[in-house]
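Please read all numbers here as calculations on a predicted model, not as lab measurements. Order of appearance sets the numbers: ligands from 1, and atoms from 1 within every ligand.
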Amino acid sequence: MAAPAFRRRLIAAAMLIALPFVTWYVWVCLRFFDGAFVAPWSASSTVDAGRLVPTLTAVSIYAGWWLLQISLHVMLPARVCDGPAASAGCALRYRLNGLLSFLATAVIVVVIARSGVLTPGVLCDEFGPLLVTANLAAFALAAWAHWRGRLRAAAARRGLLEDYLYGLELNPRVGGVDLKFFCESRPSLLFLVVVNASLAARQYELHGSVTTPMLLVNAFQLLYVADFFVHEGALLTTWDIKHERFGWMLCWGCLVWVPFMFSLQAQYLVTHTHDLPPLAVAGISALNFAGYTIFRSANLQKHRFRCDPSRAVSGRPPDYIRTAAGPLLLTSGWWGRARHANYLGDLLMGLAWCLPAGFRHPLPYFYIVYFVVLLVHRERRDHALCLQKYGSDWEDYCRKVPWRIVPGLY
Ligand code: NDP
């Protein structure tokens with residue numbers, strides 16, 4: 001028994017050290033080595049350590065961003081919606097005003113850029129200090145969540161390191177703000193859009209134009225984020241909201257990984273100004289659109305089915321399995337083709353985000369490699385959880401829908 005616990009703690013410690021290092025390493029390769037992989041020791045000796053200290057500008061921008069987003073979330077009109085049942089049994093209520101916050105943020109950012117208070121490329125200039133600032137914020141927020149969880153959560157403890165990493169409380173709330181729900185979008189996806197725009201602005205300042213690959217990456221990710229806010233309510237039936245505790249993993253993933261690693265391709269493209277033939281533009285756009293269509297329709301089918309099981313799926317009455325545990329399992333539409341076709345859609349989009357970078361360096365493809373690993377692992381975690389929850393009903397579902405992510409293949 002001692003060995004697996006020791007191994008788990010070792011993995012937890014490795015993740016806490018390795019993941020922030022990876023974000024730093026990728027930034028160094030992009031900023032100082034033209035996007036080429038370099039030996040980590042030569043990267044650290046070449047890069048001036050001073051650049052890794054949060055600057056006053058970076059801290060002010062980051063704190064200002066949080067203040068702005070919390071104010072918009074709390075003050076703008078919102079549709080109030082019931083979420084999944086909390087541990088106490090009653091459904092938590094969520095304020096859905098992400099789209100309005102998204103639009104208000106766009107106006108505010110344009111006003112700030114045009115007023116000259118901050119230059120449009122400032123997030124590109126301050127990328128390193130911002131990365132360190134966001135890391136510190138994520139570690140601090142996770143520490144606070146851990147301390148709060150120790151006082152309140154009844155979760156079974158797994159040891160300090162693992163509790164810190166995976167969290168204790170499912171839905172910590174402060175002053176009516178659900179931290180997990182907030183972090184999933186405002187300091188993560190929404191910040192990503194602004195970082196991308198700033199990187200495009202820096203490319204324009206340097207080269208006098210914004211290239212087609214940069215436009216494609218910005219447009220694809222903007223579509224993904226805008227779509228997220230249009231369907232904000234669908235987040236309430238996802239794995240993260242229902243099952244993932246608010247620990248370092250989720251916190252750091254939202255605050256650091258999403259804005260600083262998903263912008264990998266745009267970072268690369270700032271100084272790589274190649275163009276793409278029209279056929280490649282059409283092919284990559286079609287791939288992104290196909291991925292988006294699968295991703296969105298699969299997620300919506302499940303969300304709508306869970307809200308109203310009588311609603312038609314793909315124009316026909318839904319097929320489903322009635323489970324002893326209570327919830328129904330949809331077996332038609334995308335959920336009848338693969339048990340996580342929504343992941344397939346996400347993966348196709350992820351590939352389309354990488355392709356505009358071309359094939360000169362492998363680094364921009366880091367995203368799709370990581371994403372395949374993440375979603376394959378996540379599907380297995382979800383499978384184990386559902387098997388535990390639904391038992392033989394889940395086995396029935398697996399027999400009926402044998403494919404995990406890619407119909408006919410995997
Ligand atoms: P899902 O939205 O697929 O949710 C999984 C849960 O849905 C299960 O735990 C189960 O919960 C329920 N469920 C499973 N099968 C069925 C069924 N047949 N009918 C009804 N309910 C079912 O998982 P995720 O939260 O992982 O993914 C949501 C989206 O977010 C995906 O599109 C994914 O690709 C994306 N994503 C993106 C990431 C990124 O980094 N860009 C990272 C992770 C996810 P229960 O039965 O308990 O309600």
*In order of chain and number, which residues sit within 4.0 Å of ligand 1 by heavy atom?*
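Answer by chain and number: Y224, T238, W239, D240, K242, H243, F262, F295, N299, K302, R306, L328, L329, L330, W335, H340, N342, Y343, D346, Y370, F371, L374, R378, D382, C386, K389, Y390, W394, Y397.
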
_Within 6.0 angstrom of Y204 OH, more than 12 heavy atoms from elsewhere_ =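 No, because the 6.0 Å sphere around OH of Y204 holds 12 heavy atoms or fewer from other groups.
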
*If you count the non-hydrogen atoms of other residues, nucleotides and ligands that lie under 6.0 Å from CZ in F289, is the total more than 12?*
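At most 12 heavy atoms, drawn from other residues, nucleotides or ligands, come within 6.0 Å of this atom.
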
*Of T293, I294, N288, which is the lone residue that meets side chain to side chain contact (heavy atoms under 4.5 Å, CB included) with L348?*
I294

*List for me each residue that meets salt bridge (Lys or Arg N to Asp or Glu O under 4.0 Å) alongside R360, sequence neighbours excluded, and say none if there are none.*
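Only D34 meet the salt bridge (Lys or Arg N to Asp or Glu O under 4.0 Å) criterion with R360.
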
_Set of residues satisfying salt bridge (Lys or Arg N to Asp or Glu O under 4.0 Å) with respect to R79, sequence neighbours excluded_ =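 So R79 forms no salt bridge (Lys or Arg N to Asp or Glu O under 4.0 Å) with any residue.
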
*Who are the side-chain contact (heavy atoms from CB on, under 4.5 Å) partners of A78, not counting sequence neighbours?*
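Listed in chain order: R95, N97.
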
